[in-house]
Amino acid sequence: MSTNASDPLAALGDLPGVADAVDSVRKAVDRVYGHRVMRRRSNEVTSEAALRGARASAALSGADWALEEVRRRTDFGGEAEARTVGAALRLTAEAGQLLSIWRQSPLRVLARLHLVAEGGAAPDETVGRPRLAGERVDEPLIEAPLPDAEEVAGRLDGLSGLVIAGSSAPALVTAAVVHGELLALRPFSSANGLVARTAERIVLVGSGLDPKSICPAEVGHAELGRTAYLEAFDGYLSGTPAGVGAWITHCGRAVELGVRESTAVCEALQRGAA
């Protein structure tokens, strides 16, 4: 894979299929932002996108609840699936509060996301910090080999450096790399998939691609299915140009499906049916 020492993320834009994916995503996002409903009711679209995105992210982490059940429930304690859904809802709500911090201190944001996923309090010393040597990870749905704590620390520092330095890479490329790297590292003791998808959302929103957070990539990832998600992730893990390019284009398709979901919400609001 070709690299650019000063901007390695930008080089990924030359991978197979990536430029077309970036262009397709931009056109899709522009279309939904141009919908007439967005002129007066964008806050409602944002709220609905947040709910649907959280539901979808929880589904990818093993808690595949119907949207109306997520909308109806108020208690997310108790059983594991309820806790997963509650964590996804909290993370989606928190993401918007962390946009200004992300570019200055991504590691601080990631620590905060893990704390929020675990309920806002630290029941044990593993919450809110990257795992140490010998600490286990509860992430049964991701079966890829688990990097050791030393590798995790080094690669997190590298990822943080890339974010802080900034890049000319399209938002889709940066978001896909952040998402893929966090899935690969699983830096926390739990909730790594939820945190990775929330970080992807933060990049897409904070970059200006989706400033109102109405294009929930999580919905697209869930619609494409866990099998396709894990197959594309395997491509990222391979590190090959074709594999990494396929992961980025998969993430692009997920954003486009999120756009389609919010377009349907806009149409429903226009008809007075939502």
Side-chain angles (χ1 to χ4, degrees), residues 37 41-99 109-110 112-124 126-128 138-142 179 182-183 188-202 204-205 210 212-227 229 254-255 257-269 271-274:
V37 166
R41 305 181 72 177
S42 64
N43 288 343
E44 293 173 69
V45 182
T46 296
S47 295
E48 189 64 18
L51 182 71
R52 295 180 184 216
R55 188 219 71 82
S57 189
L60 287 166
S61 285
D64 192 1
W65 287 15
L67 180 63
E68 291 311 313
E69 175 67 7
V70 178
R71 200 188 303 278
R72 179 188 68 80
R73 282 283 288 264
T74 57
D75 176 17
F76 296 98
E79 71 272 21
E81 286 195 7
R83 293 197 302 272
T84 297
V85 174
L89 289 167
R90 291 192 299 272
L91 285 169
T92 301
E94 186 75 7
Q97 310 302 313
L98 300 172
L99 295 172
V109 169
L110 293 174
R112 173 62 185 168
L113 291 176
H114 188 237
L115 187 65
V116 168
E118 290 297 328
D124 63 64
T126 69
V127 175
D138 181 14
E139 200 72 39
L141 300 179
I142 303 292
H179 183 172
L182 292 174
L183 278 186
F188 300 109
S189 58
S190 60
N192 290 287
L194 295 174
V195 168
R197 291 184 288 275
T198 305
E200 179 185 48
R201 172 185 285 266
I202 287 172
L204 293 171
V205 174
D210 179 22
K212 294 183 182 293
S213 194
I214 62 165
C215 306
E218 305 96 322
V219 168
H221 286 304
E223 185 171 336
L224 290 166
R226 280 195 63 243
T227 298
Y229 183 68
V255 175
L257 290 171
V259 167
R260 188 176 72 178
E261 186 87 354
S262 286
T263 301
V265 170
C266 288
E267 294 294 328
L269 287 170
R271 295 192 304 270

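Below, all heavy atoms of this structure are taken into account, side chains as well, without hydrogens, waters or symmetry copies.
- In this structure, CH2 on Trp65 lies 8.5 Å from CZ on Arg72, to the nearest 0.5 angstrom.
- The two residues Ala63 and Glu81 come nearest to each other via the heavy atoms CB-O, 3.6 Å.
- From Leu182, atom CG reaches atom CG of Leu194 across 12.0 Å, with rounding to the nearest 0.5 Å.
- Taken to the nearest 0.5 Å, the CD1 atom of Ile142 stands 7.5 Å off from the OG atom of Ser61.
- When side chains are defined from C-beta on, Leu51 counts as touching Leu67, because their heavy atoms get closer than 4.5 Å.
- Between Arg201 and His179, every side-chain heavy-atom pair lies at or beyond the 4.5 Å cut-off.
- The two residues Glu139 and Ala191 come nearest to each other via the heavy atoms OE1-N, 3.4 Å.
- Scored by the salt bridge (Lys or Arg N to Asp or Glu O under 4.0 Å) test, Arg73 finds Glu69, Glu79 as partners (sequence neighbours excluded).
- Side chains of Val219 and Leu257 form no contact here, defined as non-hydrogen atoms less than 4.5 Å apart.
- Leu110 and Phe188 make their closest contact through O-CZ, 3.5 Å (heavy atoms, listed as atom of the first residue, atom of the second, distance).
- Between Leu141 and Tyr229, the closest side-chain pair of non-hydrogen atoms is not below 4.5 Å.
- Listed by chain and residue number, Glu48, Glu261 satisfy the salt bridge (Lys or Arg N to Asp or Glu O under 4.0 Å) test with Arg52 (two or more places apart in sequence, or in another chain).
- The CD atom of Glu223 sits 11.5 Å away from atom CG of Leu60, with the distance rounded to the nearest 0.5 Å.
- With values rounded to the nearest 0.5 angstrom, Glu44 atom CD is found 10.0 Å from Cys266 atom SG.
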Going by atom type alone, with no hydrogens or angles, which donor-acceptor pairs under 3.5 Å involve a side-chain atom of residues 91-99 and a protein atom two or more places apart or on another chain?
unit_1, atom_1, unit_2, atom_2, d
Thr92, OG1, Ala88, O, 3.0
Glu94, OE2, Arg112, NE, 2.9
Glu94, OE2, Arg112, NH2, 3.4

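- A heavy-atom distance below 4.5 Å is found between the side chains of His114 and Ser190.
- The minimum heavy-atom distance linking Ala54 with Leu89 is given by the pair CB-CD2, 3.7 Å.
- With respect to the salt-bridge test (charged N to carboxylate O, under 4.0 angstrom), the residues Asp64 and Arg55 qualify.
- The shortest distance between side-chain heavy atoms of Cys215 and Ser262 does not fall below 4.5 Å.
- No donor-acceptor pair closer than 3.5 Å links the side chain of Thr84 to the backbone N or O of Ala58.
- Exactly one residue among Val127, Asp124, Leu113 makes a side-chain contact (heavy atoms from CB on, under 4.5 Å) with Glu118. That residue is Val127.
- Side-chain contact between Asp138 and Pro140 is present, with at least one heavy-atom pair separated by less than 4.5 Å.
- Taking all atoms of both residues into account, the shortest heavy-atom contact from Gly119 to Arg90 is N-NH2, 3.5 Å.
- The two residues Arg197 and Ser57 come nearest to each other via the heavy atoms NE-OG, 2.8 Å.
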